[in-house]
Amino acid sequence: MFFHIVLERNMQLHPRHFGRNLRENLVSKLMKDVEGTCSGRHGFVVAITGIENIGKGLIRDGTGFVTFPVKYQCVVFRPFKGEILEAVVTMVNKMGFFAEAGPVQIFVSNHLIPDDMEFQSGDVPNYTTSDGSVKIQKDSEVRLKIIGTRVDATEIFCIGTIKDDFLGVINDPSAA
Amino acid sequence: MSIEPFNRLVKLAARAFYDDITTKGDNQPKTGRSDNRGIAVVVLDALTRRQWVREEDLAKNLKLHSKQLRRTLRFLEEEKLITRDHRRETAKGAKIFSAAVAATADGPHHSKEGDEKIKMHTHSYCSLDYAQVYDVVRYRMHRMKKKLKDELEDKNTVQEYICPNCSRRYTALDALRLISFEDEYFHCENCNGELVAESDKLAAVQGVDGDDNVRKRRHEKLKDMLQKMEAQLKPLVEQLSRVKDLPVPEFGTLLAWEARASAAARGINGDLNGNDPSKSSQGYGGTPMPFVGETKVEVAFSGAEGTGVDAKSESENTSLKVLPPWMIKKGMNLTKEQRGEVKDESKTDAGSASAQFSDDKKSLANDDDKTNIQDEYVKAYYAAILKKQQELEEAAKGQQELSSTEVTESVANTNSSRQVGMKAKREEDEDDDIEWEEAPIGGNANENYKVDLNVEASALVEEEEEEDDDVDWEEG
């Protein structure tokens with residue numbers, strides 16, 4: 001699920017960036033630092049949409065670095081248990097398959113794949129129904145439901161299922 | 001409107017789910033003697049025969065140690081089957097409860113009149129919460145079924161993997177770490193052995209290789225389990241559906257229940273109130289218990305005071321405390337003063353001046369205003385009303401003189417006793433709270449007189465009541 005929230009961060013800026021472009025430098029550094037990171041609490045920071053305010057800088061002893069408290073608005077992505085996501089399959093093996101929904105990795109184990117789909121090893125490992133009409137392989141797009149999340153401080157990993165109504169392949173690359 | 005189906009539900013649920021509950025801690029040795037499995041069933045059964053019950057009494061009746069009982073009760077409370085209430089009270093307070101019990105349940109009636117110590121003890125009470133029991137049982141069954149079905153359909157289960165070499169276990173959540181890029185299998189972090197999927201927990205006894213055969217067997221086992229569960233819980237399910245549309249018996253809070261129980265007791269004393277017109281209009285909000293003639297209470301007041309109290313009690317959902325039996329004996333005669341005072345109190349809602357109010361009422365009425373000013377005011381007011389009432393009585397008497405003396409006599413007895421009871425209670429409470437005011441018991445001049453008013457003049461009185469009500473509102 002996506003959220004638009006306000007976060008705060010203390011930015012350290014090297015003295016060489018001081019000058020009339022200080023603010024721009026600060027913001028670009030913030031984007032570089034923050035976008036794409038993941039915190040267990042808020043999820044993945046997808047994009048910074050605006051700066052709320054930049055506090056007074058504080059020169060640190062010893063170094064010339066200045067610390068600015070910056071409040072910024074950003075879009076975060078946080079997967080939840082029970083959420084339905086669309087994801088791209090990245091790897092298929094005997095144990096199940098891995099998929100990615102943006103920055104999130106999701107594992108679907110083989111007992112959460114419908115029983116009528118069998119694993120086919122070979123050049124392109126895949127899961128196929130007995131009549132061959134549905135095939136899950138690398139780069140397939142699937143709709144899945146998250147049934148568990150593992151949230152670490154800097155990492156979120158999910159396991160999902162496609163063994164439910166309206167879940168499964170939504171776009172088959174080989175058919176296209 | 002019977003409580004019986006619900007009791008049956010409780011008993012069935014107790015036997016189905018709480019049969020093997022032991023409240024002993026794990027550290028205690030499980031000798032044959034300390035094995036108290038089934039205690040929950042016994043306690044629940046006992047509670048179906050009671051309503052609110054003091055836990056000490058319950059322990060005594062069940063011949064259990066109170067500690068053991070309390071542990072069981074705490075467990076049942078956590079299971080949301082019963083509600084408990086704790087309060088600090090004097091010996092007298094306990095007595096009030098005893099009286100309430102005597103009025104209703106099969107509990108023993110002990111009224112130790114001797115000890116009037118102001119020692120405060122914390123007493124715990126408990127009772128079944130039927131509405132919640134119903135929900136809890138339904139929820140439990142739902143969860144059981146859902147779990148089995150999920151398991152059956154492999155839904156929402158996190159696959160576990162096990163290392164055949166070092167029998168280390170992993171879940172699917174570890175998958176990312178475990179995947180090896182040489183072959184595409186999961187490898188143990190410890191010994192780099194190839195992990196195998198573990199079949200589900202409910203049927204984990206079979207071998208660890210996750211082939212089709214095992215899966216099929218597991219399926220069968222689960223299906224079997226589900227069927228067995230459905231068969232064995234059938235009586236419970238039936239009872240649930242039977243109970244579904246019945247109104248749930250509610251005891252209310254301890255205070256409310258005490259009030260009602262005492263009211264019932266009074267109702268028994270004075271049956272004639274049953275057909276009083278004012279009764280119908282002034283019911284309590286709560287669901288009536290079979291034994292509680294709740295509405296009878298109101299009628300006990302004569303004339304004007306009746307409505308005042310009733311209105312209040314309605315709004316508060318608690319009216320009066322139990323009448324202690326020893327008070328009844330004391331005096332059948334009431335003075336007008338007393339009556340007047342009562343009336344005043346009920347009107348002013350402060351209960352301050354005359355302080356005849358029961359603890360309940362006081363606590364409910366936010367009785368923070370025990371000021372002398374009010375006292376004075378109430379007295380003046382009361383005097384006025386007294387006067388008025390006298391006039392009324394005169395009128396009533398005139399009418400009533402004609403009616404047969406016998407009836408009047410009986411009426412007088414019952415009514416008066418009831419009134420005395422109420423008053424007595426208030427006096428008692430007063431003792432608790434306000435030492436400075438003497439409960440005026442005295443002039444027994446016009447008992448019959450008053451009673452007449454009560455019974456006969458209820459129609460007349462109603463007009464007056466209305467007036468009084470108006471006044472009341474202004475004050476409020």
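This is a predicted model, so every value here is computed, not measured. Order of the sequence lines sets the chain letters (A, B, ...), proteins ahead of strands, with each chain counted from 1.
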Student check: side-chain heavy atoms of Ile179(B) and Met91(A) closer than 4.5 Å = yes
ask   = Has Arg242(B) got more than 12 heavy atoms of other residues, nucleotides or ligands less than 6.0 Å from its CZ?
value = yes
ask   = For Phe3(A), does the CZ atom have more than 12 heavy-atom neighbours from other residues, nucleotides or ligands under 6.0 Å away?
value = yes
request  = Give the ring-plane orientation class for Phe98(A) versus Phe186(B), where under 30° counts as parallel, over 60° as perpendicular and anything between as tilted.
outcome  = perpendicular
ask   = In Å, rounded to the nearest 0.5 Å, how long is the span from CD1 of Ile159(A) to CG of Leu176(B)?
value = 12.5 Å
message = Looking at Ile59(A), I'd like to know if its CD1 atom is crowded, meaning that more than 12 non-hydrogen atoms belonging to other residues, nucleotides or ligands lie closer than 6.0 Å.
response = no
ask   = For Val108(A), is it the side chain, the backbone, both or neither that has a heavy atom under 4.5 Å from a heavy atom of chain B?
value = neither
message = Contact between Phe157(A) and Arg177(B) at the side-chain level, heavy atoms closer than 4.5 Å - yes or no?
response = no
query = Is it the side chain or the backbone of Phe107(A) that comes within 4.5 Å of chain B heavy atoms, both, or neither?
reply = side chain
ask   = What pair of heavy atoms forms the shortest contact from Met95(A) to Leu195(B), and how long is it?
value = CE-O, 4.1 Å
